[in-house]
Asker: 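Sharing a structure with you now.
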There are 2 protein chains.
Amino acid sequence: MTLSDVAREAGVSLATASRAINGSANRTVRADLRDRVLAAAAKLRYTPDANAQAMARGRTTSLGLVVHDIADPYFSSIAAGVTRAADRAGLQVTLASTQHDPSREAGLVDLLKRQRARAIVIAGGRLDDPSTTDELRDALADYKAVGGSAALIGQPVLGVDSVVVANAQGAADLARALHERGYRKFAILAGPEGHLTARERREAFVAALAELGTEVPDDAVVTSAFTHEGGEDAMRALLRSGPLPDVVWAVNDVMALGALAAARDVGVEVPRDVALAGFDDISTLRDVVPPLTTVRIPLVDIGIAATELALAEPSDEPRLTHVPTQVVLRDSTPQR
Amino acid sequence: MTLSDVAREAGVSLATASRAINGSANRTVRADLRDRVLAAAAKLRYTPDANAQAMARGRTTSLGLVVHDIADPYFSSIAAGVTRAADRAGLQVTLASTQHDPSREAGLVDLLKRQRARAIVIAGGRLDDPSTTDELRDALADYKAVGGSAALIGQPVLGVDSVVVANAQGAADLARALHERGYRKFAILAGPEGHLTARERREAFVAALAELGTEVPDDAVVTSAFTHEGGEDAMRALLRSGPLPDVVWAVNDVMALGALAAARDVGVEVPRDVALAGFDDISTLRDVVPPLTTVRIPLVDIGIAATELALAEPSDEPRLTHVPTQVVLRDSTPQR
DNA sequence: TTGTACGCGTTATCAC
DNA sequence: GTGATAACGCGTACAA
């Protein structure tokens, strides 16, 4: 089952067998010999050993993908894009999950470095936590030092190629659109304190409203985890805390869905009692009632873009791929 | 950055460096030497090359996972279980996607064989297509011939270890539960013609109803793709074809959600105008209104079970892990 | 306990 | 065009 076996069976040298099967660069093999080798390989059910090839060639054929939770529709859509792009490039995807623990990202990068993955795509959001960020930055630097290339989705804080989503733009557009629909009393489910994407969206949203003369009171901004459960918790807190706002905006869809569930649990109906909006336009939304207003990010395309970025020729300075966002107004935020 | 570099830096032999870093089996290294090696490794930012280790040891540390579409919540939940179990076993997960084309499964197994993955978990459903099945069976046989072990989720038709879901049991239970709630006129969104899981569920459902004296007319059983879109198509066909049944049952949740959307589009309301049920209890359901009656499968646990099965000591005959199902009655199928 | 040397399966370099 | 043979980075008998 090794190439030597095939070579012996075909009565040629190891080198010839290799060239016949792999189709070496400039060296070409005589037709009859090639046929004999191929026949022998088929007969012996020979499959090349990718590890050995990687050793000999000095490069692997695998690409790493780091996510927080593959069951989250946000990440699974990105993963779909990454697998598709990787497939086209002839690479295998190694899926690494932090299981919601951002501090594990650096360790996963190390693991992918061991594996000498050709490139790494990091899909998780950055946190405003110096030690975690530093660890990741170091891990990525080490990885690049051995010839790897990485791309991340989110804030380009690490000096690596990044796919940058127009979070601020989208959030501001959404704020204006909601204001235009007549909303004035806002509440925000803001996500975790130090989550950069959450912060970026929230700040832009608040700023856009301020420009329109509408303030969001501090006690109408509630922090929580960036998850479904976090959205539930935050919404429950909001519902307990006083009179309802006109509209609740969650900094991502998964949280908005959690909020929707929490509201439903206590008989608060969307949009009758309160309007609701999210961010991301995850595929789950197509099955949610009422249809949720959100800001669309092309998640699959982002996965593809990040993969292509990670696979591109290395450049001296970090490249950025900017991805536009688009407000999608749906029934959860009707005209007032 | 190779082990030789570390050995030289530490002033020891390659073998000693290897033993110090890897912590070899019975050989032990004197404390001071070990410290010197570790220090040198840290200083040089050395990371072992997993490929080289795999070559030398004769086994890799990667596990293959084959799905049809990672963005589908059914597969992404299974994937979450697989990654968790693999992580615990110290293995990396290689994600391979057929992009909805079952005939690609065999090719993906070959790819994972090249990579000499320790084990493979195949999550896609079997089709009643001899040539596709044969190809997969052959690919798996070849894979096992080189020492790999595989487990699949679904019908144990291939002579490999399998996680077997009690589809028939669950479907029959559901049929009886719906009958008990007063439903008599059924329609079934049956999925693709040759899809074994779909067939298994449908047949058990129909048989259970028959035992209760209720027949499902042939024209109330409509085939379609096993996807959201398939559910939409099938539901549309059903809505066009005549008077509404009491209840529509889709053989999986994703299709049921498609059906729900199709109904909504034409103003048919669930459960007021027609009741609706599914199968799987995918996590998406928590955000769907009305709450959908379904049959619960513990998807994450199945991923874990399949991984453990694939990683278990090889046995002479295929092992089966049986997974029970549980009917979950919700508002989409109220008492009549 | 430590070191030497071979082997893992393949590619690439060099003669022929 | 073909065939030896030296890498690739590491683990591990075997000898010391």
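In what follows, chains carry the letters A, B, and so on, assigned in the order in which the sequence lines appear, proteins first and then strands, with residues in each chain numbered from 1.
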Asker: Looking at D/dC10, D/dT12, D/dA4, which one has an atom nearest to any side-chain atom of A/S13?
Answerer: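 For A/S13, the side-chain atoms sit closest to D/dA4.
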
Asker: In whole Å, I'd like the distance from the CG atom of A/L3 to the P atom of D/dG3.
Answerer: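 Distance check: A/L3 CG to D/dG3 P gives 13 Å.
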
Asker: Calculate the interatomic distance between A/R34 atom CZ and D/dG1 atom C1'; express it in whole Å.
Answerer: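 It is 13 Å, rounded to the nearest whole Å.
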
Asker: Find the distance A/R114:CZ to D/dG11:C1' and express it as a whole number of Å.
Answerer: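 Taking CZ of A/R114 and C1' of D/dG11, I get 14 Å after rounding.
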
Asker: Counting just side-chain N and O atoms, does A/R57 come under 4.0 Å of either OP1 or OP2 of C/dA12?
Answerer: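 Answer is no, no contact under 4.0 Å.
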
Asker: Tell me the interatomic distance from B/M1, atom CE, to D/dC10, atom P, rounded to whole angstroms.
Answerer: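 After rounding, the reported distance stands at 12 Å.
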
Asker: Of the nucleotides C/dT2, D/dC10, D/dG1, which has the atom closest to the B/T16 side chain?
Answerer: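 Of the candidates, C/dT2 comes closest.
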
Asker: Could you tell me whether the side chain of B/R19 has a donor or acceptor atom within less than 3.5 Å of a complementary atom in the base of C/dG3?
Answerer: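 Donor-acceptor pair under 3.5 Å: yes.
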
Asker: Rounded to whole Å, please give me the gap between CD1 in A/I21 and C1' in D/dT2.
Answerer: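 After rounding, the reported distance stands at 16 Å.
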
Asker: If I take atom CZ in residue A/R116 and atom P in nucleotide D/dG9, what distance separates them, rounded to the nearest angstrom?
Answerer: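 Distance check: A/R116 CZ to D/dG9 P gives 9 Å.
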
Asker: Which part of the nucleic acid, if any, lies within reach of B/L33 when heavy atoms closer than 4.0 Å are counted: base, sugar-phosphate only, or nothing?
Answerer: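 Sugar-phosphate, backbone atoms only, no base.
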
Asker: Can you measure A/R59 atom CZ to C/dT10 atom P for me and round it to whole angstrom units?
Answerer: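 So the CZ-P distance, A/R59 to C/dT10, works out to 16 Å.
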
Asker: Give a yes or no on whether the backbone of A/A310 and the side-chain of A/S149 come within a donor-acceptor separation of less than 3.5 Å.
Answerer: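 Present.
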
Asker: How many angstroms lie between OG1 in A/T94 and CG in B/L65, if you round to the nearest 0.5 Å?
Answerer: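 Result: 12.0 Å between the selected atoms.
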
Asker: Taking everything shown except B/R319 itself, do over 12 heavy atoms lie less than 6.0 Å from its CZ?
Answerer: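 Yes, CZ of B/R319 has more than 12 neighbouring heavy atoms, counting only those of other groups under 6.0 Å.
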
Asker: Whether B/D87 and B/R84 form a salt bridge (side-chain N of Lys/Arg under 4.0 Å from carboxylate O of Asp/Glu) is what I want to check.
Answerer: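 B/D87 and B/R84: not salt-bridged.
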
Asker: Would you mind checking if B/D110 and B/K113 are paired as a salt bridge, meaning a charged N to carboxylate O distance below 4.0 Å?
Answerer: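 No salt bridge links B/K113 with B/D110.
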
Asker: Taking 4.0 angstrom as the limit, do B/D5 and B/R8 come out as a salt bridge?
Answerer: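 Salt bridge between B/D5 and B/R8, a charged N being under 4.0 Å from a carboxylate O: yes.
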
Asker: Counting side-chain heavy atoms from C-beta on, which of C/dC8, C/dT11, C/dT4 comes nearest to A/S18?
Answerer: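 Nearest to the side-chain atoms of A/S18, counting from C-beta on, is C/dT11.
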
Asker: When rounded to the nearest 0.5 angstrom, what distance separates CG in B/L111 from OG1 in A/T61?
Answerer: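 Rounded to the nearest 0.5 Å, the CG-OG1 separation comes out at 7.0 Å.
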
Asker: A/D5 has an atom CG; how far is it from atom P of C/dC8, in whole Å?
Answerer: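 In whole Å, C/dC8 P lies 11 Å from A/D5 CG.
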
Asker: Considering only C/dG3, C/dG9, C/dT11, which nucleotide approaches the side chain of B/V12 most closely?
Answerer: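 The answer is C/dG3, which lies nearest to the side chain.
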
Asker: For DNA chain D, find the residues of residues 45-55 of chain B with a heavy-atom distance under 4.0 Å and give them by number; none if there aren't any.
Answerer: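 Those residues whose heavy atoms fall under 4.0 Å from DNA chain D, taken from residues 45-55 of chain B in numerical order, are B/Y46, B/P48, B/D49, B/A52, B/Q53, B/M55.
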
